[in-house]
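Have a look at the structure below, then the notes.
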Amino acid sequence: MSDAPVTVRLTLPLPPGVNNQYVTAGNRRVLSKSAKEFKKEVERLLLDHREKNRITTAQERTVKESFIGVYMTFFFETPLKRDLDGGLKIALDAIASGLGFDDRKVVDIHLTKRIDPLRPRLEIEMETITDWQFDESYVYLGDTEDDASAQ
């Protein structure tokens, strides 16, 4: 792992609210059309960042190897229409999938709610954490078979 933290900044459309992310198909819950569209838009935005060198191969490699802190600022149209945490999971899943990292390596999350009726959006800043420790008595020694099979 690199010693210098890597920061990745993204501005995404607002993800669908948690009540609009899944639909029932038979006996299964599947992603809704709006959730699939959100994930495709995230993929497109990440591709654009790569093409414009806003995200480099070296940055992506470091993100894959590191623990990560995520800072999300949701800019909603109104203050009380949506819960702050309703878009967290789908946004994190879309970014992790698009950048190829395991979202179980996210060890620090900060969420902020702001209002911008004219430009609703989600601003994300991810930073690698090179010196993360779970607590004073445990030192992370790497994945075990049980951890790898828990996926």
Side-chain angles (χ1 to χ4, degrees), residues 1-2 4-135 138 140 143 147 150-151:
M1 268 187 260
S2 170
V6 168
T7 300
V8 175
R9 290 179 184 86
L10 303 166
T11 298
L12 306 177
L14 279 179
V18 70
N19 294 331
N20 298 313
Q21 291 176 19
Y22 295 92
V23 294
T24 302
N27 293 332
R28 297 181 7 189
R29 299 284 288 160
V30 296
L31 283 178
S32 68
K33 181 180 177 185
S34 62
K36 289 177 185 176
E37 288 171 357
F38 173 78
K39 289 182 112 178
K40 284 182 185 175
E41 179 65 10
V42 171
E43 287 177 22
R44 189 192 67 72
L45 289 167
L46 288 170
L47 179 61
D48 184 61
H49 273 58
R50 287 182 186 103
E51 288 173 351
K52 294 179 178 171
N53 214 31
R54 292 183 199 142
I55 298 175
T56 66
T57 304
Q59 286 175 311
E60 285 192 66
R61 185 174 42 255
T62 302
V63 166
K64 289 177 188 177
E65 296 171 352
S66 303
F67 290 109
I68 302 166
V70 178
Y71 310 88
M72 294 185 177
T73 303
F74 291 85
F75 290 84
F76 295 117
E77 293 180 43
T78 63
L80 299 176
K81 187 174 181 181
R82 291 187 55 179
D83 292 345
L84 174 60
D85 62 343
L88 168 65
K89 180 73 174 144
I90 191 169
L92 193 55
D93 285 348
I95 296 164
S97 174
L99 291 177
F101 71 89
D102 186 340
D103 64 355
R104 291 178 297 171
K105 293 187 113 181
V106 174
V107 295
D108 192 15
I109 297 175
H110 297 258
L111 301 177
T112 304
K113 181 189 265 192
R114 302 260 188 245
I115 306 303
D116 189 343
L118 300 179
R119 284 186 353 135
R121 64 194 179 280
L122 170 57
E123 293 182 359
I124 298 172
E125 182 174 308
M126 294 179 10
E127 184 173 272
T128 58
I129 302 173
T130 57
D131 60 351
W132 182 261
Q133 291 184 0
F134 289 96
D135 65 33
Y138 294 97
Y140 181 68
D143 290 336
D147 289 341
Q151 297 180 6

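All of these numbers come straight from a predicted model, not from anything done at the bench.
Distance check, rounded to the nearest 0.5 Å: CZ of R104 to CZ of F67 gives 11.0 Å.
Around CZ of R54, the count of heavy atoms belonging to other residues, nucleotides or ligands within 6.0 Å exceeds 12.
Closest approach of I68 and I129 over heavy atoms only: C-CD1, 3.8 Å. I90 approaches P16 most closely through the heavy-atom pair CD1-CG, 4.3 Å. Closest heavy-atom contact between V6 and T128: N-OG1, 2.7 Å. Considering all non-hydrogen atoms of both residues, L14 and P120 come closest at CD1-CB, 3.6 Å.
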>> Run the side-chain contact (heavy atoms from CB on, under 4.5 Å) test on D116 and R121 for me, step by step, so that the C-alpha distance in whole Å, both residues' side-chain angles and the decisive distance to 0.1 Å come before the verdict.
In response: CA-CA 8 Å; D116 189 343; R121 64 194 179 280; 2.8 Å; yes
> Run the side-chain contact (heavy atoms from CB on, under 4.5 Å) check on R44 and E41 step by step: do they pass?
Replying inline: CA-CA 5 Å; R44 189 192 67 72; E41 179 65 10; 2.7 Å; yes
> L99 and I55: side-chain contact (heavy atoms from CB on, under 4.5 Å), yes or no, with the steps?
Replying inline: CA-CA 10 Å; L99 291 177; I55 298 175; 4.2 Å; yes
> Given the rule in the salt bridge (Lys or Arg N to Asp or Glu O under 4.0 Å) test, do D102 and K64 qualify, once you have shown the distances and angles that lead to the verdict?
Replying inline: CA-CA 7 Å; D102 186 340; K64 289 177 188 177; over 6 Å; no
> Does the pair L111 and Y71 meet the rule for a side-chain contact (heavy atoms from CB on, under 4.5 Å), with working shown?
Replying inline: CA-CA 6 Å; L111 301 177; Y71 310 88; over 6 Å; no
> Going through the checks in order, is the salt bridge (Lys or Arg N to Asp or Glu O under 4.0 Å) test met by R50 and E60?
Replying inline: CA-CA 10 Å; R50 287 182 186 103; E60 285 192 66; 2.7 Å; yes
When the side chains of residues 73-87 are checked against the rest of the protein, which donor-acceptor pairs come out under 3.5 Å, sequence neighbours left out?
from	atom 1	to	atom 2	distance (Å)
R82	NH1	P15	O	3.0
R82	NH2	P15	O	2.9

Got a list of side-chain donor-acceptor pairs under 3.5 Å for residues 26-38, not counting sequence neighbours?
from	atom 1	to	atom 2	distance (Å)
R29	NH1	T24	OG1	2.9
S32	OG	N20	O	2.6
S32	OG	Q21	O	3.4
S32	OG	S34	OG	3.2
S32	OG	A35	N	3.1
S34	OG	N20	O	3.3

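With a 4.5 Å cut-off on side-chain heavy atoms, D103 and S97 do not count as touching. For the pair V107 and K105, the minimum side-chain heavy-atom distance is 4.5 Å or more. When side chains are defined from C-beta on, V63 counts as touching M126, because their heavy atoms get closer than 4.5 Å. Taking 4.5 Å as the limit, some side-chain heavy atom of H49 sits within range of a side-chain heavy atom of L10. Counting only heavy atoms from C-beta outward, the side chains of M72 and L122 approach each other to under 4.5 Å.
One N or O on the side chain of S66 and one on the backbone of T62 form a donor-acceptor pair closer than 3.5 Å. Side-chain atoms of Q59 come within 3.5 Å of backbone N or O of T56 as a donor-acceptor pair.
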